[in-house]
Amino acid sequence: MAYNHQEVEHKWQDRWEKSGIFHAKDEGDKPKFYCLIEFPYPSGDGLHVGHPRSYSALDVVARKKRHQGHNVLYPIGWDAFGLPTENYAIKTGRKPADITRENTDTFRRQLKSLGLSFDWSREVNTTDPAYYKWTQWMFLEFFKAGLAYKTTLAINWCTSCKIGLANEEVVNGVCERCGGRVEKRDKEQWMIAITKYAERLLEDLDTVDYLEKIKTQQRNWIGKSEGAEIDFVLADSQDPVTPVVKVFTTRPDTIFGATYLVLAPEHELVEQVTTDDRMKEVLAYVHTSSLKTDMERGNDTKEKTGVFTGAYAFNPATNERIPIWVADYVLMGYGTGAIMAVPQHDERDRAFAEVYKLPIVDEPLVSNEEAIEKTGGRKTVNYKLRDWVFSRQRYWGEPIPLVYCEACAKLPVKEGETAQTHGWIPVPVEQLPITLPDVEHYEPTDTGESPLATIEDWVYTTCPECGGPARRETDTMPNWAGSSWYFLRYIDPHNDSTFANKEKLAYWMPVDLYNGGMEHTTLHLLYSRFWNKFLFDRGHVPVSEPYTRRHSHGLVLAEDGSKMSKSKGNVVNPDEIVRDYGADALRLYILFMGPFEEPVPWSLNGLIGVRRFLDKVDRYVRGWKEEGAHDLGKVIEPYLKKVSDDIDAFKFNTAVASFMSLFNDLGDRSVTREQLKKIIIVLGPFAPHLMNECWEYLGEAGLVEEQSWPEFDESLLVKDEVEMGVQVNGKVRGSIRLAPQADEAVAKALALAEENVQKHLEGKEVVKVVYVPGRILNIVVR
RNA sequence: GCCGCGGUGGCGGAACCGGUAGACGCGCAGGACUCAAAAUCCUGUAUGGGCAACCAUGUGCGGGUUCGAUUCCCGCCCGCGGCACCA
């Protein structure tokens with residue numbers, strides 16, 4: 001008979017809540033363990049079965065750690081700012097804050113129904129003014145440190161969201177979020193100088209325990225390359241002030257083969273070097289390429305285009321006059337925006353040279369050092385990483401806490417200011433948070449201005465510096481801001497005088513284990529590492545790297561192996577699964593379905609199979625008899641040990657399989673009470689509701705969660721006898737049972753007693769016997 | 001193109017450090033219980049041959065190393081993920 005999961009689950013969820021057993025203590029003798037999942041974006045669609053994959057896995061880890069005597073922090077919260085909510089609010093004429101409240105209520109209810117051992121007393125929400133007060137405060141720290149600056153740049157503009165995007169948010173030339181078309185637009189944007197941390201973000205990867213593929217992806221994204229900057233002197237220059245074109249190259253050794261130079265269309269020297277007769281054509285080319293999006297420009301299947309400036313420069317190695325071209329295959333944002341083209345050694349240069357009939361010469365290579373010395377070059381390092389575009393022209397985000405004061409802007413630039421920040425006055429800490437105005441309309445504008453710009457009451461304010469009239473910054477922060485430091489807030493979520501108390505930070509940081517999606521490797525993970533490093537440099541947090549260990553989970557796919565999506569109608573609703581089969585079945589199945597890091601298709605039949613197993617466990621416990629119990633330690637112990645090890649190795653699928661094997665092996669033999677208790681404790685993190693029910697049924701006191709993790713008795717882990725294959729010439733011809741440490745003579749004697757082995761040895765000469773105790777016996781014959 | 005990961009039964013997947021390939025689950029087939037069904041339990045289930053014992057083949061393909069290779073090496077093919085004119 002099947003157990004009543006609804007009754008059982010409500011009962012124990014209720015008891016956990018009342019006992020407060022999952023609340024982390026901020027001090028004590030126990031070793032701390034900070035276990036973190038990426039907090040969800042509370043979308044209107046509710047929880048997806050993908051969410052519990054990560055949460056259940058770390059729940060198992062967190063629960064095991066508690067059993068092992070750790071003080072565990074396993075918190076939860078909401079990353080609730082963002083476009084979907086804002087767009088939905090606009091469409092329905094409602095307020096984003098109201099929608100967020102409804103969505104978080106739904107998510108909270110759904111997550112609680114899974115019996116996850118979160119510390120709900122520390123719930124945070126990035127849209128809560130008490131939270132974003134500190135996000136704003138941290139922005140001002142960036143500002144005061146000179147890392148936040150405003151600049152005009154050609155940004156990626158999503159024509160659908162009407163919002164500027166960071167490079168990281170443009171995927172295949174379209175908006176990461178909505179798939180909308182992205183074009184170039186000049187906008188004034190707040191930037192954060194993450195590139196100043198490029199080297200440390202790269203180097204410190206060596207100090208953390210992340211999955212190697214995560215490290216690789218971060219390294220590639222940071223994109224360090226070492227090379228040299230070399231000056232090419234302009235020939236026939238009329239202008240004595242700018243006589244050189246600086247190029248960056250990773251291959252100074254090829255400089256003898258450099259037969260022309262190329263400037264990016266945006267390069268500042270383009271107009272200066274272009275000769276009068278070429279000017280019209282060059283300007284036309286520059287204009288055309290300015291209209292192209294990155295996608296169009298970056299499409300290397302297209303033929304390369306460019307235009308000759310009419311100017312020449314001297315190759316410093318050969319002293320030859322080489323022509324200067326403008327072409328959009330050279331990017332302004334990388335290196336110096338100018339290259340020396342070596343068609344002999346570089347595919348792109350060759351392709352270009354072939355189109356425009358430029359010389360391709362095969363000159364001998366020299367050493368890099370020699371080339372740098374001979375040409376007066378300088379060794380330099382370049383990164384692909386760009387500064388972080390931090391402005392969004394939307395309503396539902398943290399207001400940037402700065403005001404612009406015309407009067408202050410007219411004063412001379414003070415120390416610590418730059419031309420880019422001059423006139424921008426930080427809002428004093430005691431005035432934080434700058435809250436979002438509670439208004440009816442906040443549609444994005446086609447002009448690219450934030451909806452906040454139209455709310456005059458809010459925009460016009462007084463300058464905190466001089467008391468004169470001033471305007472608020474109307475851009476808001478990107479979604480990534482609040483999520484860049486939430487792990488710090490969990491440590492002290494209700495503190496109103498600082499973002500988190502220093503002693504508590506010192507106690508809890510760093511995060512011991514962090515799990516999240518691979519899609520966040522170059523966005524959230526990189527940003528939050530950077531953010532934490534910055535706070536560390538300012539003396540606000542105790543460690544430079546926020547996460548000691550990082551894992552990632554694979555997607556849960558639809559039954560047919562495709563991605564689950566609302567439009568395809570193949571989304572599995574966790575509520576229905578919990579209602580029909582129970583949270584324990586869902587948790588256990590989702591861990592069992594496949595390797596944690598790989599994408600795996602959902603299977604309802606698979607889930608039902610796991611539910612059958614739970615029923616079997618329930619029946620076993622109810623049918624269990626103390627009298628006549630067998631001492632089956634030798635059977636049980638190896639399975640439980642394997643489960644324990646598998647949890648540490650993130651092999652939850654084989655852990656669940658071990659439980660199944662264990663119960664298959666037990667059959668209907670009753671084990672001793674102590675043995676049964678051990679089984680229940682180890683299975684507890686996987687199916688906590690049912691295990692508590694079983695615990696209670698046995699008449700044991702307290703909660704399963706209060707029990708210690710069992711010690712494993714080494715003597716029980718050693719098998720008395722193993723079954724071992726016998727091979728003749730490498731082919732299996734039989735199998736024998738013997739003590740794992742039996743010597744060769746014993747093994748050989750047993751093997752020779754096997755009829756089938758004898759048959760294969762008949763009339764042959766034994767030339768060699770390979771015996772690996774407990775593994776194999778191989779008899780080689782001729 | 002570059003970087004990373006992977007390819008094992010009808011399906012999801014196991015396999016320590018090179019040691020009986022296919023654990024565990026699903027599905028399927030047969031049986032028990034039942035008036036019947038559901039549930040549960042038992043048996044079988046890589047492929048081909050054989051009543052069976054057993055034999056041959058078998059972890060994407062082709063080679064190699066080894067007493068022995070899913071595992072290591074060389075050369076391919078295919079799939080997935082990331083990056084992509086980064087000089």
Side-chain angles (χ1 to χ4, degrees), chain A residues 1-2 171-172 211-217 219-221 223-225 227 247-251 254 262 294 297-302 304 327-331 333-342 345-349 351-352 382-386 518-519 521-522 554-555 559 561 589 592-595 597-610 612-613 615-616 619 642 645 651 653-662 664 667-668 723-736 755-756 759 767-781:
Chain A
M1 221 193 41
V171 176
N172 294 330
L211 290 180
E212 204 49 43
K213 63 178 171 181
I214 296 174
K215 288 191 183 184
T216 305
Q217 231 172 282
R219 287 192 188 106
N220 290 345
W221 191 264
K224 180 180 183 173
S225 54
V247 308
F248 172 72
T249 178
T250 54
R251 295 289 306 276
T254 64
V262 187
D294 277 356
R297 245 180 100 158
N299 191 342
D300 58 2
T301 59
K302 277 191 193 153
K304 297 211 169 357
D328 65 9
Y329 80 92
V330 174
L331 308 173
Y334 185 79
T336 59
I339 62 153
M340 62 176 206
V342 187
H345 290 284
D346 185 281
E347 263 183 64
R348 298 153 302 184
D349 295 343
F352 189 78
N382 260 291
Y383 301 91
K384 290 184 194 173
L385 185 69
R386 309 288 163 84
M518 282 306 288
E519 71 274 23
T521 302
T522 53
L555 288 177
E559 298 230 14
Y589 170 63
F592 180 60
M593 67 198 303
E597 278 148 44
E598 306 292 320
V600 195
W602 173 263
S603 158
L604 185 60
N605 275 328
L607 176 103
I608 292 170
V610 165
R612 274 183 209 141
F613 167 68
D615 283 329
K616 185 173 174 173
R619 275 197 309 275
K642 174 159 170 60
D645 292 346
K651 291 162 77 175
N653 54 334
T654 51
V656 176
S658 291
F659 281 122
M660 293 172 167
S661 300
L662 167 60
N664 288 346
D668 51 12
E723 194 170 337
M724 199 180 83
V726 179
Q727 299 179 336
V728 178
N729 282 356
K731 290 192 190 276
V732 180
R733 298 301 181 189
S735 113
I736 55 178
E755 198 185 326
N756 199 42
K759 209 170 84 189
V767 287
K768 190 174 177 181
V769 175
V770 179
Y771 177 56
V772 184
R775 299 266 187 235
I776 201 80
L777 178 72
N778 188 11
I779 304 170
V780 185
V781 296

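A quick note: this is a predicted structure, and the numbers were derived from the prediction, not measured. Letters go in sequence order (proteins before strands), and every chain restarts at 1.
A tilted orientation is assigned to the rings of A:Tyr329 and A:Phe352, their planes being inclined by 30° to 60°.
With both pairing distances under 3.5 Å, B:G10 is matched to B:C26 as a Watson-Crick or G-U wobble pair. Using Watson-Crick or G-U wobble geometry with both donor-acceptor distances under 3.5 Å, B:U65 finds no partner in any strand shown. With a cut-off of 3.5 Å on both Watson-Crick or G-U wobble distances, the partner of B:U20 is given as none. Nucleotide B:G58 has no partner under the Watson-Crick or G-U criteria, as no pair reaches both atom distances under 3.5 Å. The pairing partner recorded for B:G1 is B:C83, the criterion being a Watson-Crick or G-U wobble arrangement whose two distances lie under 3.5 angstrom.
Under the side-chain hydrogen bond (donor to acceptor under 3.5 Å, both in side chains) criterion, A:Asn653 pairs with no residue at all, not counting sequence neighbours. With sequence neighbours excluded, the residues forming a side chain to side chain contact (heavy atoms under 4.5 Å, CB included) with A:Val781 are A:Val728, A:Asn729, A:Leu761, A:Lys764, A:Val766, A:Ile779, listed by chain and number.
Residue A:Lys213 has its side chain nearest to B:G4 when only B:G4, B:G12, B:U40 are considered. Distance from the side chain of A:Asn605 is smallest for B:C26 among the nucleotides B:A87, B:U20, B:C26. Closest to the A:Thr216 side chain, of the nucleotides B:C24, B:A84, B:C3, is B:C3. Side chain of A:Asn756, nearest nucleotide from B:C54, B:A56, B:U20: B:C54. Nearest to the side-chain atoms of A:Asp346 among the listed nucleotides B:A87, B:C54, B:G25 stands B:A87.
Here B:A21 presents its P atom at 10 Å from NZ of A:Lys731, a figure rounded to the nearest Å. The interatomic distance linking A:Lys215 (NZ) with B:C3 (C1') rounds to 17 Å, in whole Å. Here B:C11 presents its C1' atom at 13 Å from CE of A:Met593, a figure rounded to the nearest Å. Atom CD1 of A:Ile339 and atom P of B:A87 are 11 Å apart (whole Å). Nucleotide B:C28 holds its C1' atom 16 Å from the CD1 atom of A:Ile608, rounded to whole Å. Spacing between atom CG of A:Asn220 and atom P of B:G81 amounts to 17 Å, rounded to whole angstrom units. Following rounding to the nearest Å, A:Glu519 (CD) and B:G4 (P) show an atom-to-atom distance of 22 Å. Look at NZ on A:Lys616: it is 7 Å from P on B:G25, rounded to the nearest Å.
Not a single donor-acceptor pair, N or O on each side, falls under 3.5 Å between the base of B:C83 and the side chain of A:Lys384.
Taking side-chain N and O atoms only, A:Arg733 has no distance below 4.0 Å to OP1 or OP2 of B:C67. The shortest distance between the side-chain N/O atoms of A:Arg612 and the OP1/OP2 oxygens of B:G27 is below 4.0 Å. At B:A87, one or more side-chain N or O atoms of A:Tyr334 fall inside 4.0 Å of OP1 or OP2 (strictly under the cut-off). In this model, the phosphate group of B:G82 is not approached by any side-chain N or O of A:Arg219 to a distance below 4.0 Å at OP1 or OP2.
Going from the C1' atom of B:C17 to that of B:C72 covers 12 Å, rounded to whole Å. Going from the C1' atom of B:A38 to that of B:G22 covers 32 Å, rounded to whole Å. B:A39 and B:G48 are spaced 30 Å apart, taking the P atom of each and rounding to whole Å. Distance noted for atom C1' between B:G4 and B:A15: 24 Å (whole Å). Taking atom C1' on both nucleotides, B:U8 is separated from B:C24 by 15 Å, rounded to a whole Å. Taking atom P on both B:U59 and B:G82, the two are 31 Å apart, rounded to the nearest angstrom. Taking the C1' atoms as reference points, B:C83 lies 46 Å from B:C67, given to the whole Å. Distance check on atom P: B:A14 versus B:G6 gives 12 Å, rounded to whole Å.
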Show your working on side chain to side chain contact (heavy atoms under 4.5 Å, CB included) between A:Lys384 and A:Asn220 and close with a plain yes or no. CA-CA 8 Å; A:Lys384 290 184 194 173; A:Asn220 290 345; over 6 Å; no
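More than 12 heavy atoms of other shown residues, nucleotides or ligands fall within 6.0 angstrom of atom CD in A:Glu212. Within a 6.0 Å radius of CD in A:Glu519, other residues, nucleotides and ligands contribute more than 12 heavy atoms.
Backbone-only contact: A:Ser225 has heavy atoms under 4.0 Å from sugar-phosphate atoms and none from a base. Residue A:Gly335 is out of contact with every strand shown, counting any heavy-atom pair closer than 4.0 Å. Base contact: A:Val330 has a heavy atom under 4.0 Å from a base atom. Residue contacts shown for A:Met724 include a base, since a base heavy atom lies under 4.0 Å away. Residue-level contact check: A:Glu755 touches neither bases nor backbone, having no heavy atom under 4.0 Å from any strand.
The nearest pair of heavy atoms linking A:Ile776 to A:Gly725 is CD1-O, 3.7 Å. Pairing each heavy atom of A:Met340 with each of A:Asp349, the nearest pair is O-OD2, 4.0 Å. Shortest non-hydrogen contact noted between A:Ser225 and A:Phe248 is O-CZ, 3.9 Å. The two residues A:Met593 and A:Trp602 come nearest to each other via the heavy atoms CE-CA, 3.8 Å.
B:G13: glycosidic angle beyond 90° from 0, hence anti.
Note that CZ of A:Arg612 and CG of A:Asp615 are 9.5 Å apart. Values are rounded to the nearest 0.5 Å.
For the pair A:Val780 and A:Thr336, both in contact range of RNA chain B, the more 5′-proximal nearest nucleotide belongs to A:Val780. Along RNA chain B, the nucleotide nearest A:Asp349 and the nucleotide nearest A:Val732 are compared for position; the residue whose nucleotide lies closer to the 5' end is A:Val732.
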Which nucleotides of nucleotides 14-19 of chain B have their base under 4.0 Å from a protein heavy atom (B), which only their sugar-phosphate (S), and which neither (-), written as one string 5' to 3'? SSB--B
